[in-house]
Amino acid sequence: MAIRLALVGLGRLGYEHAKNIHYRIPGAELTAICSVRQEELDRVAQEMSPPVVTQSFNELLDRGGFEALVIATSSETHAELICAAVKRGVRHVYTEKPIGMSIAELERIREVIAAHPGITFQVGYNHRFDADLIEAQRRIGAGELGKLVLIRLASRDQRWVEENLVSFSPTSGGLVADMMSHDYDTARWLTGAEAVHIFGFGGVFAFPGLKAVNDMDNAVILMEFTGGVMVQIEASRSSPYGYHAPIEVFGTEGCIRIGENSFKDRTAVLDQQGVKRACTESFFAYWEDTYRAELNDFVACVGEGRSPKVGLEDGWKAVEWAFTAAEAVRSKRVLEYTPTYPGIA
Ligand SMILES: NC(=O)c1ccc[n+]([C@@H]2O[C@H](COP(=O)([O-])OP(=O)(O)OC[C@H]3O[C@@H](n4cnc5c(N)ncnc54)[C@H](O)[C@@H]3O)[C@@H](O)[C@H]2O)c1
């Protein structure tokens, strides 16, 4: 029997999740949707006809009729919705990253999950579901690269519309804490190592309006991981050519590179001006398969009673590293990272 899913948040990402659940995940059924924006509810209701359609999260919980909840609301609501759902008896929760916006929120989530043993809790670090990265992680784990020396990751968003970025920024946590959190998680997962020192720089290069909301449009973070592995993470909101997310892992016995170029497809046009290739337009297009794969795995975890690949500890550490990185950039100091995750007894 299909696992019945409720989905809260139907914006940029929530709509992708709705389509994946409804059309592309055979073992799942979209039975309830919730969004505070009526026009988003109308669009999904007309297209997919879930039985429960509501603007109120409390009503969603009251009506029930689902086994698992997918949270894709704006970041500042995640902790509250996770805690409310688990306290009301929801046993399986997938949440978009970040899990919380403060250490106090992380602690509240941990306490609620610890008080309800057996909860399936998955965090939306979807890059871990990319087939090339999974293969790279296998090779690294098998020792094929020898001793790891350096890992470089970049995430360059195709140039945002400034007005959209300035209104989105305050709800997100900002470039260093929010957008780069995928890369902290990917670096930690690929290397199997933990952060020791964190440093970074950033600035406003393309969108002056970001200064008013205390954010930046380009930044680079340098980290030292356990075992001495050097990590460089770069992020941009102003790529002039398209979305680009190259990754390189360099070791004493070899090197892996993924996504070196931002090619949209396999077509090259050769003419008198030279060779032309289109660039990937958006992160959605680049990571599209991973959004389906992560929810597919979440549904399988619920069905099979197994633990998700990206859980509370991963979500906690990504947020904590993100806060430390943001503080390092702000203060222009090298910070030592002291983990606080207490685990669940
Ligand atoms: N994994 C990724 O690659 C990725 C990409 C984009 C966004 N995200 C994350 O996804 C989340 C959503 O981002 P987005 O860009 O889709 O945002 P968005 O602003 O487009 O959508 C937010 C949605 O949340 C709903 N909402 C907000 N508060 C609510 C509440 N209390 N009850 C019910 N609905 C509520 C809004 O109605 C809207 O549907 C963010 O946390 C973001 O960090 C992740």
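All ligand and atom numbering here is 1-based and tracks the order in the structure. The analysis underlying the following values was restricted to heavy atoms, covering all of them including side chains, and did not include hydrogens, waters or symmetry mates. None of the values given here were measured: they were computed from a predicted structure.
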Asks: Regarding Y241 and R156, do their side chains bring together a donor and an acceptor under 3.5 Å, going by distance alone?
Replies: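 Indeed, the side chains of Y241 and R156 share at least one donor-acceptor pair under 3.5 Å.
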Asks: Tell me which part of V8 gets within contact of ligand 1: side chain, backbone, both or neither, using heavy atoms under 4.0 Å.
Replies: side chain
Asks: Using a heavy-atom cut-off of under 4.0 Å, does the side chain or the backbone of F283 touch ligand 1, or both, or neither?
Replies: side chain
Asks: Give the numbers and elements of all ligand 1 atoms closer than 4.0 Å to a heavy atom of G9.
Replies: 23 (C), 24 (O), 25 (C), 39 (O)
Asks: May I ask whether atom 28 (N) of ligand 1 is less than 4.0 Å from at least one protein heavy atom?
Replies: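 Yes, because at least one protein heavy atom sits under 4.0 Å from atom 28 (N) of ligand 1.
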Asks: Are side-chain N/O atoms of S236 and N218 paired as donor and acceptor at under 3.5 Å?
Replies: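 Yes, because at least one side-chain N or O of S236 sits under 3.5 Å from a partner of the opposite role on N218.
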Asks: In this structure, is the centre-to-centre distance between the rings of Y125 and W189 below 6.0 Å?
Replies: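 No, the ring centres sit 6.0 Å or more apart.
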Asks: For the side chain to side chain contact (heavy atoms under 4.5 Å, CB included) test, which of R128, E294, K97 pairs with V310?
Replies: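 When side chain to side chain contact (heavy atoms under 4.5 Å, CB included) is applied between V310 and each of R128, E294, K97, only R128 qualifies.
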Asks: Check each of V44, V36, T290, I99 against atom 32 (N) of ligand 1 and report the one with the nearest heavy atom.
Replies: V36
Asks: If you measure every N or O of G11 against every N or O of ligand 1, does any of those distances drop under 3.5 Å?
Replies: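 Among all N and O atoms of G11, at least one is under 3.5 Å from an N or O of ligand 1.
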Asks: Should you measure from each heavy atom of H78, which atoms of ligand 1 turn up under 4.0 Å away?
Replies: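 This gives 41 (O) as the contact atoms.
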Asks: Which option out of D178, L60, L13 puts a heavy atom nearest to atom 8 (N) of ligand 1?
Replies: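 Comparing heavy atoms across D178, L60, L13, the nearest one to atom 8 (N) of ligand 1 lies in L13.
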Asks: State whether E248 and R152 are salt-bridged, where the test is any N-O pair (Lys NZ or Arg NE/NH1/NH2 against Asp/Glu carboxylate O) under 4.0 Å.
Replies: yes
Asks: How does E40 reach ligand 1, if at all, at less than 4.0 Å between non-hydrogen atoms: by side chain, backbone, both, or neither?
Replies: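 For E40, the contact with ligand 1 is made by the side chain alone.
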Asks: Going by heavy-atom distance to atom 10 (O) of ligand 1, choose the closest among H17, E96, E16, M101.
Replies: E96
Asks: Looking at the rings of F207 and F205, which for Trp means the six-membered one, are their centres under 6.0 Å apart?
Replies: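 Aromatic pair excluded; centres sit 6.0 Å or further apart.
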Asks: Is it true that the side chains of S35 and E40 contain a donor and an acceptor less than 3.5 Å apart?
Replies: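 The criterion, which ignores hydrogens and geometry beyond distance, is satisfied for E40 and S35.
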Asks: Looking only at N/O atoms, are Q55 and ligand 1 under 3.5 Å apart anywhere?
Replies: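 No, no N or O pair falls under 3.5 Å.
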Asks: When you look for heavy atoms under 4.0 Å from ligand 1, do you find them on the side chain of S172, its backbone, both, or neither?
Replies: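 Contact part for S172 vs ligand 1: neither.
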Asks: May I ask you to say whether R63 pairs ionically with E59, meaning some side-chain N is under 4.0 Å from a carboxylate O?
Replies: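 Here R63 pairs with E59 in a salt bridge, since their nearest N and O are under 4.0 Å apart.
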Asks: Taking the minimum heavy-atom distance to atom 19 (O) of ligand 1, which of H182, K97, R37 ranks first?
Replies: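 Looking at heavy atoms only, the winner is R37.
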Asks: Of the backbone atoms (N, CA, C, O) and the side-chain heavy atoms from C-beta on, which set of Y125 has a member under 4.0 Å from an atom of ligand 1: side chain, backbone, both, or neither?
Replies: neither
Asks: I need the atoms of ligand 1 closer than 4.0 Å to a non-hydrogen atom of Y291, numbered in the order shown.
Replies: 1 (N), 2 (C), 3 (O)
Asks: Does the plane of the ring in F168 sit parallel, tilted or perpendicular to the ring in W160? Use 30° and 60° as the thresholds.
Replies: parallel
Asks: Would you call the rings of H17 and Y94 parallel, tilted or perpendicular, taking 30° and 60° as the class edges?
Replies: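 Plane angle over 60°, so perpendicular.
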Asks: Using a 4.0 Å heavy-atom cut-off, which part of R12 comes near ligand 1: side chain, backbone, both, or neither?
Replies: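 Both of them.
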